[in-house]
Amino acid sequence: MNPVVVVHGGGASCISKDRKERVRQGIAQAATVGYRILQEGGSAVDAVEGAVVALENDPEFNAGCGSVLNVNGEVEMDASIMDGKDLSTGAVSAVRCIANPIKLARLVMEKTPHCFLTDQGAAKFAAAMGIPEIPAEQLVTERSKKHLEKEKLEKGVKKSECQKNLGTVGAVALDCKGNVAYATSTGGIVNKMAGRVGDSPCVGSGGYADNLIGAISTTGHGESILKVNLARLTLFHIEQGKTLEEAADLSLGYMKSRLKGLGGVILVNKTGDWAVKWSSTSMPWAAAKNGKLHSGIDVGETTTTDLP
Ligand code: ASP
């Protein structure tokens, strides 16, 4: 089986010109990290975790360092991961002061009898697993502070709640043994209430992976994604015989027409086909397969290069 990894950097309403280049580099690097893991015989779970860690560590993205701030100016993060081999899954929500929520989600999957830990319980588990606590400020960037200020100022002049600037990171992969996996990680939505949990840690909404079908990671307006179970809904359409693109168009179209919710998805299936689709203005993405790296940000834009 030829390995595949696809990553996204979140559905967005607009990405400024100067940021685009940094986003492009970050997304390409994450796909390269994931692909290298697969080439060296790593599992799909290893690859999606590795790719998402790279994006969490990159301050350009809304996950880990660079996460958006809640109404109190704090970072609270959500993440989830799933192994398509046996449907095992792990998730954390409202976690603070750790660099890589996706690593904690994987530990929930592999080291507990549960699927989902939150807030204080998740923090205690992180400490017990030896995950270092870092100062809260280490996750906060100048850009995220400005973003919150702007959001608070613009509250009166509201764009639709479902369509404001979004962003999250995710990865899907197929490994040499035919296993698929997904990982999704986010700081959520700017100016959110403290304790708000979005779609990203909720299996079926923020992502899904099943070797019998494929894997998906989603991004976009969390409340809309939760209401339609975007990840599982898309895979359902594939089970019904739709292509990956058709399935994505159907589920994103349903979310938009029913709720005015915008978002994006990345997909890989059990035979190694992959797809990226979004209804937001743009979505940084990259896909690595057969030694080639394909990537883009805006509709109709695809660049292909050889992988290093
Ligand atoms: N889905 C994420 C959330 O609502 C945000 C995003 O994907 O941009 O928490």
Side-chain angles (χ1 to χ4, degrees), residues 6-15 19 23 26-27 30 52 55-56 58 60-64 66-71 74-81 91-96 101-102 105 116 118-119 139 143-144 147-148 151 159-172 182-208 216-234 248 251-252 255-256 259-266 276-285 297:
V6 189
V7 300
H8 71 77
S13 54
C14 61
I15 301 176
R19 244 193 95 213
V23 165
I27 208 80
V52 164
L55 293 164
E56 286 177 337
D58 186 331
E60 287 306 322
F61 298 95
N62 172 20
S67 286
V68 296
L69 305 179
N70 71 12
V71 66
E74 298 156 342
V75 167
E76 280 187 339
M77 302 166 291
D78 300 336
S80 64
I81 191 163
V92 292
S93 67
V95 293
R96 299 157 180 244
I102 200 66
F116 200 151
T118 190
D119 199 14
L139 298 169
R143 190 169 61 87
S144 59
H147 193 174
L148 179 63
E151 186 62 31
K159 342 160 213 187
S160 157
E161 193 59 36
C162 317
Q163 300 185 359
K164 58 191 178 191
N165 203 6
L166 308 164
T168 276
V169 305
V172 293
Y182 94 86
T184 306
S185 180
T186 189
I189 282 187
V190 65
N191 205 24
K192 64 186 180 180
M193 290 172 70
R196 178 262 190 190
V197 174
D199 58 302
S200 304
C202 297
V203 66
S205 291
Y208 204 83
I216 174 168
S217 168
T218 70
T219 176
H221 182 243
E223 283 68 14
S224 301
I225 294 174
L226 279 166
K227 287 173 193 167
V228 304
N229 288 179
L230 184 64
R232 197 62 189 80
L233 178 64
T234 310
S251 59
L252 287 168
M255 188 166 90
K256 189 170 173 186
L259 301 164
K260 296 194 177 73
L262 301 182
V265 300
I266 54 172
V276 296
K277 282 273 171 175
W278 59 94
S279 54
S280 48
T281 309
S282 53
M283 184 181 79
W285 63 271
I297 294 183

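Counting starts at 1 for both ligands and their atoms, in listed order.
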Part of R196 with heavy atoms under 4.0 Å of ligand 1, whether side chain, backbone, both or neither
side chain
Once side chain to side chain contact (heavy atoms under 4.5 Å, CB included) is applied, do any residues pair with S144, and if so which ones, sequence neighbours excluded?
L69, V140, T141
Which ligand 1 atoms are under 4.0 Å away from a heavy-atom of D199?
1 (N), 2 (C), 3 (C), 4 (O), 9 (O)
Using a distance-only test with no angle check, is there a side-chain donor-acceptor pair under 3.5 angstrom linking T218 and Y208?
no
G220 to ligand 1, any heavy atom closer than 4.0 Å:
yes
Determine whether a donor-acceptor pair (N or O, by modelled atom type, separation under 3.5 Å) exists between the side chain of S200 and the backbone of A79.
no
Just wondering, do L148 and V71 contact through their side chains at under 4.5 Å, heavy atoms?
no
Under 4.0 Å from a heavy atom of T219: which atoms of ligand 1 are those, numbered in the order shown and with their elements?
6 (C), 7 (O), 8 (O)
Can you name the residues that form a side-chain hydrogen bond (donor to acceptor under 3.5 Å, both in side chains) with K277, not counting sequence neighbours?
D249
Closer than 4.0 angstrom: is that true for some heavy atom of E223 and an atom of ligand 1?
no
Near S200, which atoms of ligand 1 are under 4.0 Å from a heavy atom of that residue?
1 (N), 2 (C)
Using a strict cut-off of 4.0 Å, indicate which atoms of ligand 1 neighbour a heavy atom of I189.
4 (O)
